[in-house]
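Below, read A as the first sequence line, B as the second, and so on, with proteins coming before strands; counting in each chain starts at 1.
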Protein chains: 2
Amino acid sequence: MNIGEIARRSGVARSTVSYALSGKRPVSEATRQRIQAVIDELGYRPNAVARALKEGRTRTIGLVIPPASRRLTDMQLGFVASVVDAAARADLDVLLSPSGGEHDRSFERLVGGRRVDGVILMEIRLEDDRVTRLRQSGLPFVCIGRTDRPDEMSWVDIDYETLIANCLHHLADLGHRRVALVNRSAELVAAGYGPSHRTRAGFTRMLAERNLDGVHVCCADDAQSGVSCVAQLLAEHPGLTAIATINEAAIPGMYRALTHAGLAVPGDFSVVGVAARHWAENLHPPFTAADVPADELGACAVDMLIQRIADPEAAHRHVLVAPPISLRGTTGPARPRDGLA
Amino acid sequence: MNIGEIARRSGVARSTVSYALSGKRPVSEATRQRIQAVIDELGYRPNAVARALKEGRTRTIGLVIPPASRRLTDMQLGFVASVVDAAARADLDVLLSPSGGEHDRSFERLVGGRRVDGVILMEIRLEDDRVTRLRQSGLPFVCIGRTDRPDEMSWVDIDYETLIANCLHHLADLGHRRVALVNRSAELVAAGYGPSHRTRAGFTRMLAERNLDGVHVCCADDAQSGVSCVAQLLAEHPGLTAIATINEAAIPGMYRALTHAGLAVPGDFSVVGVAARHWAENLHPPFTAADVPADELGACAVDMLIQRIADPEAAHRHVLVAPPISLRGTTGPARPRDGLA
DNA sequence: TTGTACGCGTTATCAG
DNA sequence: CTGATAACGCGTACAA
């Protein structure tokens, strides 16, 4: 069923049908209704592919997510959900590409095949091949996260450096002197994952500024790893009284390890960090954290992308959010462990 | 950059370039290499939209998910991840449509606009408008789940009726006489959500068969609701010694409510149910459940869809899985509570 | 209102 | 067997 068929059955030219539908030229009410009747009868819908070819745009955006093999964190899921939702509100479709750091076929189809009008990229590394590829392609794109050359691109990001600093200020104010930072996985850090590096930088800076003793460890993104990671921390650093973390997925395991060690939270030990609001609220106990508004960030990225598609020459925009810490009761005054100060 | 440009720079006709790329006609090695050199130099990629228009297929499948506003369960996420992954392996792209029960614009674009070669539908209701619409459209589709007229469509599904029966057999064998079924949300049940209805049917049947006392409750899909739901169950049904559930998301809350009531699992109280394998393993304590292989089901749905696209006239296929219960230590012999038998 | 060229890759057909 | 020409898929928009 195509526009030619509708035109024939209505006894008009194809272009008349097109104009009747789009309203870009006036069409007499009588023919308009006749055409509409035929359309309703046959259930005709314009072929989106033909329209895309003619118009030179697909009304579709690409969303590049980490490969499905690795399980997404709650924050990542929040991004995906809000991007999809915001796109739907703008009548845009979303093409999903599960692409790792390297060029893979799905990503190449998106970019090279001009299947989308723009791309949203997640999980950005400080040096990111996909960003390079997209820039060279000329396709509008927006990152959730940023590389080490952030001026040359549009992005929304979380100010991990500031957030972790806020966490340490909070802990230091409560009298904690020895604190650990539980980062994301060693692989991510090795791959130059931006948030991990900026968090570590902020952590190191604050240790000096507040004269704290600190240890930095990586931890895979799952509860099991959280258990073993914290168990090891407690064993090797008896003076430790608090943990700051950006590793959402490991937190349930961290809680378990503390409970298992006989440490009450927050009576004996404090935990604070950065997490998606939804996740922080639903942990047990609810987690004192800088609440990342994942929903807003995804929607914001979509808005920025829509604007970039409309005006690719416009100056890049940057949104850096640093939400305050929401106290939910996993931090308290320092209490020395094991007779160590 | 289009195929004509490549042809001109290579000094050949457009069709020669096309044949050189597709190999559907022999092209002399010399010209092939010359063409390839130009392509490499300019980074040319065929326009996927033009190709789709000509070929009449988009190499894209649609995946209809619940609206993003509602948070997806771990099992649903498993389906999405495995569908995306399997599609990528088959060099298919995935267009995501967050569509509720009713016809919404995103879904209508997918189906009416012929943007996809086929559709995978999740969260099927016993009567489902989307299935009706898809059938009328003639677009190949596969459901994860099934309606009340399952013969007329292709689907993969979980045999909830059998699984919940297995759970009750297990509990009955352990001596439990009074058990509760914690179903999904009341809204889903009211909407005719298949798994909820089939689970309830299996539950009711088994109560009679094993001569058990049972109570059926609905519970929203989140931990908080799990807490209040179980707290109320314990208060109103003092003889209760076990719960069976298909509500993954509520399980952490159910654990909490039991702990809060001073009931040890499995010493004082048993919990069993149906859950995605990954979720069951990562709960604390790990959850005795029929492990739904979400990854395999998604991949299976993609395989079936690919076959349906290749041969739309082929007979419908149906895959019904009933995985065995994996014992992980949340069930044990019944122990009466509160002096009630 | 209508006729028609256009966007771009594919492929049948024809010429060499 | 190789290369060139032209039609096709379908909606859009300009010229008439």
Please work out if [X] contacts a base, only the sugar-phosphate, or nothing of the nucleic acid, heavy-atom cut-off 4.0 Å.
X: B:T16; answer: sugar-phosphate
X: B:V27; answer: sugar-phosphate
X: A:S22; answer: nothing
X: A:V12; answer: sugar-phosphate
X: B:S18; answer: base

What's the [atom1]-[atom2] distance between [X] and [N], to the nearest Å?
X: A:R59; N: D:dG11; atom1: CZ; atom2: P; answer: 14 Å
X: B:R115; N: D:dG11; atom1: CZ; atom2: P; answer: 14 Å
X: A:E55; N: D:dA13; atom1: CD; atom2: P; answer: 6 Å
X: A:R51; N: D:dC10; atom1: CZ; atom2: C1'; answer: 11 Å
X: A:L53; N: D:dG9; atom1: CG; atom2: C1'; answer: 9 Å
X: A:I3; N: D:dT12; atom1: CD1; atom2: P; answer: 6 Å

Return whichever of B:R114 or B:P26 has its heavy-atom-nearest nucleotide of DNA chain D closer to the 5' end.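 Nearest nucleotide further toward 5': that of B:P26.
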Go nucleotide by nucleotide along DNA chain D from the 5' end; which of B:Y19 and B:A50 gets its closest nucleotide reached first?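 The residue mapped nearer the 5' terminus is B:Y19.
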Other residues, nucleotides, ligands: >12 heavy atoms within 6.0 Å of [X] [atom1]:
X: B:E55; atom1: CD; value: yes
X: B:E5; atom1: CD; value: yes
X: A:R135; atom1: CZ; value: yes

Opening and closing nucleotides of DNA chain C in contact with chain B, under 4.0 Å to non-hydrogen atoms: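 Terminal contacting nucleotides, 5' to 3': C:dC8 to C:dT13.
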Ignoring backbone atoms, establish whether B:S15 has a side-chain N or O less than 4.0 Å from OP1 or OP2 of D:dT5.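 The answer is no; no side-chain N or O of B:S15 sits under 4.0 Å from OP1 or OP2.
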For a quick check, tell me whether the side chain of [X] and the base of [N] share a donor-acceptor pair closer than 3.5 Å.
X: A:Y44; N: D:dC10; answer: no
X: A:R14; N: D:dG11; answer: yes
X: A:K54; N: D:dC10; answer: no

Is the side chain of [X] donor-acceptor paired with the backbone N or O of [Y] at a distance under 3.5 Å, no angle test?
X: B:R130; Y: B:M122; answer: yes
X: A:T132; Y: A:D128; answer: yes
X: B:W155; Y: B:P150; answer: yes

Could you tell me if A:R25 sits above the aromatic ring of A:Y19, with its cationic atom closer than 6.0 Å to the ring centre and no more than 45 degrees from the axis?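 Yes, a cation-pi geometry holds between A:R25 and A:Y19.
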